[in-house]
Visitor: 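Input: one structure, supplied below.
Letters A, B, ... mirror the listed sequences (proteins, then strands); counts begin at 1.
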There are 2 protein chains.
Amino acid sequence: MDGSPSDQDQAPASVSELLDRLDGLGATLPKRLGQCADYLRHNIHLVAVSTVADLSAGAGVQPSAFMRFCQALGFSGFSEMQALFRAEYRELRPDYAERLSQLRERGEEDPEGLAASFAEAGHKSLVSLMNGLASEKLGAACRLLAAAGTIHLVGLRRAFAIVSYMGYMLDKMEVPTVIHRTSGQIESDHAIRPGDALFAVSFTPFSQETLQLAARTAERGIPVVALSDTADCPLREAAKVLLIAREVDVGAFRVPTAAMTLATSLAVAVGGMRKDRLTIRSNGSKME
Amino acid sequence: MDGSPSDQDQAPASVSELLDRLDGLGATLPKRLGQCADYLRHNIHLVAVSTVADLSAGAGVQPSAFMRFCQALGFSGFSEMQALFRAEYRELRPDYAERLSQLRERGEEDPEGLAASFAEAGHKSLVSLMNGLASEKLGAACRLLAAAGTIHLVGLRRAFAIVSYMGYMLDKMEVPTVIHRTSGQIESDHAIRPGDALFAVSFTPFSQETLQLAARTAERGIPVVALSDTADCPLREAAKVLLIAREVDVGAFRVPTAAMTLATSLAVAVGGMRKDRLTIRSNGSKME
DNA sequence: GCCGATTTGGAATATCTATTCCATCAACGG
DNA sequence: CCGTTGATGGAATAGATATTCCAAATCGGC
């Protein structure tokens, strides 16, 4: 009831608490335990389904070292730590996995089975989105759009849902935005002025209107950021940055889950950056 | 070394193969093994992170019975079966969980961190969508829409992305569809004719225009199907069926992942049903 | 209601996994 | 350069966990 001094010695109660503590220990750990920390950070998902032997081998240390590592984190041993991961894993999917697999079996005739298939596809799309996201490209896209005067959005057919949602978000954040829904490009071209930027969304099969607007805009030296579902899309040439969001199909259909997620992230990030810029400006302290 | 006749005795190579085999064995299993099968079907997600003792206790049988069950499925024992589940788990998220947690730590300043948070939220939204889906309601919604002459879609602001995507899909499947984007309701009301149906989407805070159009349409005796993010939404009264898709927010923002998934499922199911109906009609064999 | 076949429960065992221990090694301060 | 402290590797041990075995129970056909 007394001995224990600060906090070091009680075990983390959740995975994110554990990660915090890992950061806290930082570089104070001896070499081998440091290797364990590194490996853990990069392979959290393995803990629930692996043995100390597996993990220590992965980290390139002896099992005993890994054991000491667990204790350094505040656990009594590996088993206690693993229990944490297993518990968290169980919680995340209470009866979900169950229903999903039952429903999927029911086939894609039944509406609920269909929904299950689409949900499953959504999970996969998100996984692949996050695995494939190139950090620099996303950052570059944000900077281009944040630096623009007005942001112009174009996307037709299935891409229209994306730009319409993006337009809604940007507008809510008071970012000057125009959605180009037209095929008659008469007004579009002139509305896009130097200092602006164009965000073009197009999926296979690509709409000519979108491609052409993007091409003409790029020719005029106005930056174009593109979002597509494949890297060899015709927008590649016009775009300064081409973002990719692949979706997993269900039969001939798909939900634009990954694209929507990426577009929303972009919009929110751009909104945040512009707000910062404004704040700084109005302080008068710095000009961008 | 020959006895083994057909196929019964080689182990399944994937979880879905295993589920197939489970269905195959069907009711031929003795009582205790039947219990195991039931329990397994409802708790597949537990296999990777549990022991035979846990699982057999859950199923209400002796460990030895569970053991025999594994063997009946074609595995050499429990460990071999568990290995399958663990392998599949590892594959699904290769370095995904890793990145996600790293990125999320980076906070929601950084665009990539934001994307990670939204992706995580998307997973959760899909989980809760599937857990909360009431089978009858979805089926009823499909039937109402499939029976309609023209399907009218309405949804403004953030809901517009949903209806625009739905409109695209329905149109692709040659289902007569109209998207009402107007606030001036002059034409809308008359365009919606007896025999048609209205699909209304609205999230908090609700747009008056959508609510009013739904109310007026319902008053005229035309069926209204609604999609919202909460059960006590004003559409509840006008709608014959109210579908709910809750999203997990990131700060003040959200991606309409669950709603988009539900709407797409609905559209595809309706498209399928109408096609069936047409086929049957043209065969002349049955009239709906 | 008896007999053979099948299923069941529970304890015994084999295997695998976590954990500890200690001799050796490297780092650091005097 | 030596002695102390802390880290390391590897083997020994303790503890779980899976797996097998067999006696008892149950079921089905006659």
Side-chain angles (χ1 to χ4, degrees), chain A residues 5 8-9 11-12 18 22 25-40 43-44 46-87 89-90, chain B residues 3 5 8-12 18 22 25-40 43-44 46-87 89-90:
Chain A
Q8 281 288 68
D9 31 44
L18 182 153
L22 250 187
L25 291 175
T28 72
L29 287 170
K31 189 172 162 213
R32 292 285 116 115
L33 302 209
Q35 284 174 244
C36 294
D38 264 6
Y39 184 77
L40 184 65
N43 297 77
I44 342 178
L46 291 182
V47 180
V49 297
S50 303
T51 66
V52 238
D54 294 340
L55 295 176
S56 58
V61 305
Q62 290 283 334
S64 52
F66 203 92
M67 212 68 229
R68 285 192 293 270
F69 170 69
C70 296
Q71 287 161 356
L73 251 45
F75 297 102
S76 70
F78 172 73
S79 299
E80 194 178 315
M81 173 167 132
Q82 189 177 53
L84 188 73
F85 282 84
R86 291 189 168 175
Y89 169 82
R90 285 193 178 94
Chain B
Q8 282 288 67
D9 31 44
Q10 39 210 355
L18 181 153
L22 251 188
L25 291 175
T28 73
L29 288 170
K31 190 173 162 215
R32 293 284 117 114
L33 302 210
Q35 286 174 243
C36 295
D38 263 6
Y39 184 76
L40 184 66
N43 298 76
I44 342 178
L46 290 182
V47 180
V49 296
S50 303
T51 65
V52 239
D54 294 341
L55 295 176
S56 58
V61 306
Q62 290 283 333
S64 53
F66 203 92
M67 211 68 230
R68 285 192 293 268
F69 171 68
C70 296
Q71 288 162 353
L73 252 46
F75 296 103
S76 71
F78 173 73
S79 299
E80 194 178 314
M81 174 168 130
Q82 188 176 53
L84 187 72
F85 282 84
R86 292 189 167 175
Y89 170 81
R90 284 195 178 91

Visitor: Nearest whole angstrom, please: distance from the P of C/dA18 to the CZ of A/Phe75.
Guide: 15 Å

Visitor: Separation of B/Glu80 atom CD from C/dC16 atom P, in whole Å?
Guide: 14 Å

Visitor: Between N or O atoms, less than 3.5 Å apart, protein on one side and nucleotides 3-8 of chain D on the other: list the pairs.
Guide:
unit_1 : atom_1 : unit_2  : atom_2 : d
D/dT8  : OP1    : A/Arg32 : N      : 2.9

Visitor: Please check this pair: side chain of B/Gln82 against backbone of B/Val47, looking for a donor-acceptor N/O pair closer than 3.5 Å.
Guide: yes

Visitor: Indicate yes or no for a side-chain donor-acceptor contact from A/Asp54 to the backbone of A/Thr51 under 3.5 Å, with no hydrogens or angles considered.
Guide: yes

Visitor: Once you round to the nearest 0.5 Å, how far does CZ of A/Phe66 lie from OH of A/Tyr39?
Guide: 8.0 Å

Visitor: How long is the line joining CE of B/Met67 and C1' of D/dC21, in whole Å?
Guide: 13 Å

Visitor: Give one of base, sugar-phosphate or nothing for B/Thr51, where a contact means two heavy atoms less than 4.0 Å apart.
Guide: sugar-phosphate

Visitor: Can you measure A/Gln35 atom CD to D/dG9 atom P for me and round it to whole angstrom units?
Guide: 8 Å

Visitor: Without decimals, in angstroms, what is the distance between B/Phe78 CZ and D/dT17 P?
Guide: 11 Å

Visitor: How is A/Ser79 classified with respect to the nucleic acid when contacts are heavy atoms under 4.0 Å: base, sugar-phosphate, or nothing?
Guide: sugar-phosphate

Visitor: Run through B/Val61, B/Leu55, B/Leu40 and flag the one making a side chain to side chain contact (heavy atoms under 4.5 Å, CB included) with B/Phe69.
Guide: B/Leu40

Visitor: Does A/Gln71 have a side-chain nitrogen or oxygen under 4.0 Å from the phosphate oxygens OP1 or OP2 of C/dT20?
Guide: yes

Visitor: Could you state the interatomic distance from CG (A/Leu46) to OH (B/Tyr89), rounded to the nearest 0.5 Å?
Guide: 7.5 Å

Visitor: State, with a plain yes or no, whether a side-chain heavy atom of B/Phe85 is found less than 4.5 Å away from one of B/Ile44.
Guide: yes

Visitor: Nearest-Å distance, CD (A/Gln82) to P (D/dG15)?
Guide: 19 Å

Visitor: Please report the distance, rounded to the nearest Å, between CZ in A/Arg86 and C1' in D/dT17.
Guide: 11 Å

